[in-house]
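Below is one structure, written out as structure tokens; comments come after it.
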Amino acid sequence: MNQVQMARSQNALNLFQQYGMFLILIVVCTIFTLLTPNFLTTSNMINIFRQASVIGIIAVGQSLVILTAGIDLSVGSIVGFSGAISAGVMLNTGNVYLGIAAGLGAGLVIGLFNGILIAKLKLTPFIVTLASMTLISGLTLIYTKGNPIIVKNTVYKFIGQGYVGPIPFPIILLLVVYGIFFFILRKTIHGQYIYSIGGNEKATMLAGVNVDLHKIIVYATSGLLSGLAAIILSARLSAATPVAGTGYELDAIAAVILGGTSLFGGKGGVVGTLVGVLLLGVLTTGMNLVNISPFYQNVAKGIIVLVAVIIDRLINKEKK
Amino acid sequence: MNQVQMARSQNALNLFQQYGMFLILIVVCTIFTLLTPNFLTTSNMINIFRQASVIGIIAVGQSLVILTAGIDLSVGSIVGFSGAISAGVMLNTGNVYLGIAAGLGAGLVIGLFNGILIAKLKLTPFIVTLASMTLISGLTLIYTKGNPIIVKNTVYKFIGQGYVGPIPFPIILLLVVYGIFFFILRKTIHGQYIYSIGGNEKATMLAGVNVDLHKIIVYATSGLLSGLAAIILSARLSAATPVAGTGYELDAIAAVILGGTSLFGGKGGVVGTLVGVLLLGVLTTGMNLVNISPFYQNVAKGIIVLVAVIIDRLINKEKK
Amino acid sequence: MNEQNQGSTLLKLSGINKRFGANQILHSVDFTLEAGQVHALMGANGAGKSTLMKIIAGEYTLDSGRIELEGKEIEIHNPAQAKRHGISVIHQELNLVPEMTIADNVFLGKEAAIGKSNFLLSRVKALTLTKQLLDRFGIGLDPSQKIKHLSLGHQQLVEILKALSDDSKVLVMDEPTATLTSGETERLFAVIRSLRSKGIGIVYISHRLDEIQEICDHVTILKDGKMTAEGPIGEFNNDTIIERMVGRNLGNYYPESTRQFGNPLLELRQVQKQGALQDVSLTLRAGEIVGIFGLLGAGQSDLMRVIFGAERPDSGQIRIEDREVRIGSPAAAKQLGIALVTENRKEEGLVLEMGSDQNMVLASMKQFSRYGVKAADRIQKTASAHVEKLGIKLPSLKDPVKQLSGGNQQKVILGKWLITSPQVILLSEPTRGVDVGARSEIYHILSGLADEGKGIIVASSDVDEVLGMSDRILVMFQGKIVAELEKRQASEDLLMEFASGAAVQTR
Amino acid sequence: GNTKDNNTTAGSSTPQGSPQSSPQAGKKLKIGYAINTLNNPFFVAVKEGAEKEAAKQGVDIAIVNANDDLSVQLSGVEDLIQQKIDVLILDPVDSQGTVPAVEAANKAGIKVITTGRQVDGGSIVTHLGYNEIKHGVTAGEFLAKQLNGKGNVVELQGIMGTNVAQDRSKGFNEGVAKSPDVKVIATQSADFDRAKALTVMENILQAQPKIDGVYAANDEMALGALQAIQAANRTGITIVSNDGTMDALQAIKAGDIAGTMGIYPNQYGQKAIQIALDVVKGQSVETTIELPSIFVSKDNVEDAIKESQN
Ligand SMILES: Nc1ncnc2c1ncn2[C@@H]1O[C@H](COP(=O)(O)OP(=O)(O)OP(=O)(O)O)[C@@H](O)[C@H]1O
Ligand SMILES: Nc1ncnc2c1ncn2[C@@H]1O[C@H](COP(=O)(O)OP(=O)(O)OP(=O)(O)O)[C@@H](O)[C@H]1O
Ligand SMILES: O[C@@H]1[C@H](O)[C@H](O)CO[C@H]1O
Ligand SMILES: [Mg+2]
Ligand SMILES: [Mg+2]
């Protein structure tokens, strides 16, 4: 009885903790709403979500990886590579579906490659994915000869620029991806293993779980989702450029951590990540809307992120 | 006897493991020596070490931080900021020593700031130092208005361009810094605590160690050393540019990990880091010397790093 | 398993050799387990018991030797394979995922799936089954509670439930009762008996000799990695087992106490902590050993942590040598001459990658340094002296402490605090996993410290230990001290009565 | 990237005097400026020129910085559109990937002016530009001439994968190819960055005992290379670059750098604002406006310094 009560109040606390960053997001939005009438408009909300779609989707894969106590620094370079491959294959074959498949496939293969090195050879994820980031960005330059590849196909462009009713298609993709992975993490055995590997890899292995397999799947997923993000981005830009995606890994990781997922694994989830992605997106857009000078934007962004994590910590004393 | 023997063979194994990456460095050097006569020359060796001095010194601070299971992403931005502050203060006061002190002081203060947030408020190092990286790069732009500050003072320039006998001064600084921190890690209480905090923070705290204090010192050291690196870089360039240091954090972290320090803390040291720094430096220089096309350089670098870590792992099976 | 298999050979190990580096740990060990047998595996700390068991669990691979299961030779290369052969292990060191719930941990690796799918997770089934298991042990825990919120004793129970729910042929129990109180131990025994009757073979490792006599049918004894004796339990008594384990007889197990108590060293007045401690008052005098006894989760650990500054009380007073103090951190507690031997050695006690020497001086580094520079010689000397004094079996002081056997790790932690020469020593489960020989030595050491005028508090789930060691015993129930007994008043029955809340002492 | 054919995009699309373009009386005009990067003194000077001019003209200016990233630029433009700017100045990250940004502004009824690089689509009122390939050619020819048509040269490229870097490299190689005895003995990238150029040049100096000339895709890299050359006590190396930043002009004056393709960033920014205002006011503007670009060498460096100070 006492214990059930305790468990319940525990859950309430968890809920509050989980929503700490969400509350901060609301506060930040409120401030921007007060500062400019252009912030809280339907069109701007759509704008923010559409802008969030690329990093948002990458951040889902990154969340899975980080939940297993790993990290994937190659995601940004996959965006450049998969974009170029999909646009290039489409250009050469004239077949948009082949192009899309090639882009997704490229991401998947790189993810598998990372995953196999990390799981089977027990290499440190940081250095493996950093090295593959360097390698892949080189491959992209070689493949594109350093030039952008123009995208003209309307089906392809639809992925980045189309609408379903009033909703931009990238937003639909974003929400579908979050839905799927929310489900996978919460309701499937694979999801359960992602948490247990991150929480205690040895215990999971001793429980007879094929830890390697699940880790490989996780990195492959991260690669695949980066491939999807690459397609959205190149469709949005009507071009695949070789430097696309540079630096996205840090944005994605930042979003994941802001969303409450621990770099040491085992704790967190994709809902928090979406909040993190939106918080970063809202900051950028909000500061652009209230016209903060670019030099001051970084200062403001740094301070706001710090204040956000401090408040989150104070809400959240238990974690101490 | 048996135990002594075992301890000895254990030590031999450790030694071999520790030097795994060193052997790889030797192999890479040998390959470049075979490819070009310009590689294995005194002047090129000096060249490589001098180039390594900036990242090398940053990587010492980063090693300490990573040994405590933390991370410092702000080091690159400190290079930009401290460089600007030291050049700026020197320009305004005409006093080179004041300039140097200001540059070092700026790094120290930022490091303290990071350390206090991380240790006292128990915030995640990744997000704190990422936010301060953003913040500080903004401050640098504001302070410099986006323009480089030219350095003319000869004392200041000596730090980056001077020689003591045949040895460039930055190399002397590099070696002194490594010497000092090798000593600190191996021979002092503070060094001991750095390892034990990284190995098991909770147990260290429960052993009555003031964990917070030692963590703060570690981040402050990282800031201070980044300040020193900033001065060397701006002295080398005869200018402090606001973008100086961009991306150095990843290079430094890569060097630390290549050098065998675990991102999960408690294992590794600065000797390995120096090997990691040199390996990355040799790759860049070697590829420049044999004039590999820039498009292929990243591919080559990525592959070599991967091969290096794989070989290191195979040498090092025990760790598995 | 049917009863007809009872008595047939289930698992046969022959000529097992295993070495780590240059250190030969197991020397041609033979071991035979029959169906429906509870087989004690005995040996001093570091004898190789866990290593042998980890080989059949697939955690280590053997260098040479043969494993037969039901007459067929098998190979075991990883834990998954061991599970498939029907071998389950309750690990000596807990292997739980702290962020996950009890149910999730119990069903880790054998998750129930929804319907015919093999990927949709059914939490309901895990929750129900876990609840049933918990009830069987009379534990009122909510199966959806996270492991990280459980006391060590409860975590150990979860580790047990995990293996029990495996449905295996061979069940290895590596010191399952090290932090269990007699109540839980009895329930575990009931379960063991029922498994035995189903023809399951159980390997039982424990340093509590009484348990061996009570539950085991057969015994195999290891000394320094070699088998020294084997046979039906009837052929052995405690003395002969000890003789075969350590090669000598133990004298007086618990030291005699004829101490005079001095002034109060430590005093708690109405200390309160929400959800853990209620109105706790106690006094510890110089030269006194106070035992604290309580069932799992009664709050003994919280009490220790509060005194040591690892947790802050909500209200109440702590006094040291009659002065009120505020203990804000373990560092502050150490300054006041307080030491705490924590109960969870992997989490709280050791820096696993560091050597035994470094671990032993961790709490007293300042003492072994000058101007912040370590005095390596003195560190080595002191560490060696304590290795000697505590009988720690290790290949080298420098080897990572994670390579030591569980009991030896425990001794390292004890050494760490003895080196600080504290005035007040708090110990949580001080002999968890320590073999009989060393245990007796530890008792004598503690007694000696009390003779020197130190104050000692021992919180333990082992009734014998509490009864044998203490000058005075406090019993806790649901965060309260419900009884205070002098040594001569106390008995196992009385302690159990108070600890279970069946009686409250009027003070 | 073909930056030459201006007419295709800018020519036909000037819906001048459309009702939306005339702002309501009494409300300050707001110019949106989507700048490519500020990680480079060149663009910092562009920005300052623009800000000064806007202040002078009494209009608001909202600046977003793309940090060399196409999607950040697109987002920045989208955010400017949310702000309801009156006119957009777009300094594109590259020619291809910015078409959707232009289209988005078109859709919102906001007129677009491009500066620097051209955009290969959408409807653009006017383009203020310069031709990077031509700049490369000019610099290449100048360098060859300085070397009397004979010698070993090193090329330092910008961030590969950006079209400035590509075009400048292409032009340069065309330029030097006209002198068959000028050999490009090493080509390396230093990402437009001074510190990287220092390292890369130090390394090349190790490998090449005889270097007569260096072509750097921008001034920052030229200054880094200069530092390496001086530190190595190597003489007789002619350096040529692009941009005309103040540091580079001073180096030309001092005789350390032979020449740079100067584009007067401050005037670039100024001019952009002036044109934007003309466009909003409905005045007719040329479809392509050539930015004042001039090759600066010792001969005209004093004038250049003066020019870039106003
Ligand atoms: N991974 C390892 N590396 C090196 N040595 C090891 C390793 N694991 C165990 N050992 C050594 O093997 C010996 C036997 O250890 P083991 O854990 O089997 O002992 P045990 O009989 O279970 O002792 P305890 O009763 O203390 O649990 C010890 O000396 C220990 O130090
Ligand atoms: N951080 C926490 N959050 C929630 N509950 C906790 C926390 N720490 C302890 N508890 C609960 O407080 C109670 C007392 O814990 P404590 O560790 O003091 O028990 P104990 O009597 O020492 O048990 P054991 O003998 O099993 O070690 C337990 O029920 C435990 O589950
Ligand atoms: O045109 C600019 C400048 O020349 C700068 O120096 C580098 O970036 C380019 O885009
Ligand atoms: Mg054991
Ligand atoms: Mg306890």
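Each chain gets a letter, A, B and so on, in the order the sequences are listed, and its residues count up from 1. These figures come from a predicted structure and were not determined experimentally.
- Put simply, the side chain of C:Lys334 gets close to the backbone of B:Ala207: a donor and an acceptor are under 3.5 Å apart.
- In this structure, the separation between OH on B:Tyr195 and CD on C:Gln358 is 10.0 Å, given to the nearest 0.5 Å.
- When the candidates B:Ser196, B:Gly199, B:Gly266 are compared by the number of heavy-atom contacts under 4.5 Å with chain C, B:Ser196 comes out ahead.
- Chain C forms more heavy-atom pairs under 4.5 Å with one residue of B:His190, B:Lys202, B:Gln192 than with any other, namely B:Gln192.
- Remark: C:Glu347 pairs with C:Asn344 by the side-chain contact (heavy atoms from CB on, under 4.5 Å) rule, at least two apart or across chains.
- B:Thr204 and C:Val351 make their closest contact through OG1-CG2, 4.2 Å (heavy atoms, listed as atom of the first residue, atom of the second, distance).
- Interface residue C:Leu350: only backbone heavy atoms are found under 4.5 Å from chain B.
- Looking at C:Lys374, the atoms closer than 4.5 Å to chain B (heavy atoms on both sides) sit in the backbone and in the side chain alike.
- Judged by distance alone, the side chain of B:Asn210 and the main-chain N or O of C:Ala332 form no donor-acceptor pair under 3.5 Å.
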Could you list the donor-acceptor pairs under 3.5 angstrom formed by side chains in residues 249-260 of chain B, with sequence neighbours left out?
none

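- Looking at C:Ser329, neither its backbone nor its side chain comes within 4.5 Å of chain B, counting heavy atoms on both sides.
- Chain B is approached within less than 4.5 Å, heavy atom to heavy atom, by C:Lys416, C:Trp417 from residues 406-423 of chain C, ordered by number.
- Taking non-hydrogen atoms and a 4.5 Å limit, the residue list of residues 364-373 of chain C in contact with chain B, ordered by number, reads C:Met365, C:Lys366, C:Ser369, C:Gly372, C:Val373.
- Heavy-atom distances place both the backbone and the side chain of C:Glu348 under 4.5 Å from chain B.
- The shortest side-chain heavy-atom distance between B:Asn200 and C:Leu352 does not fall under the 4.5 Å cut-off.
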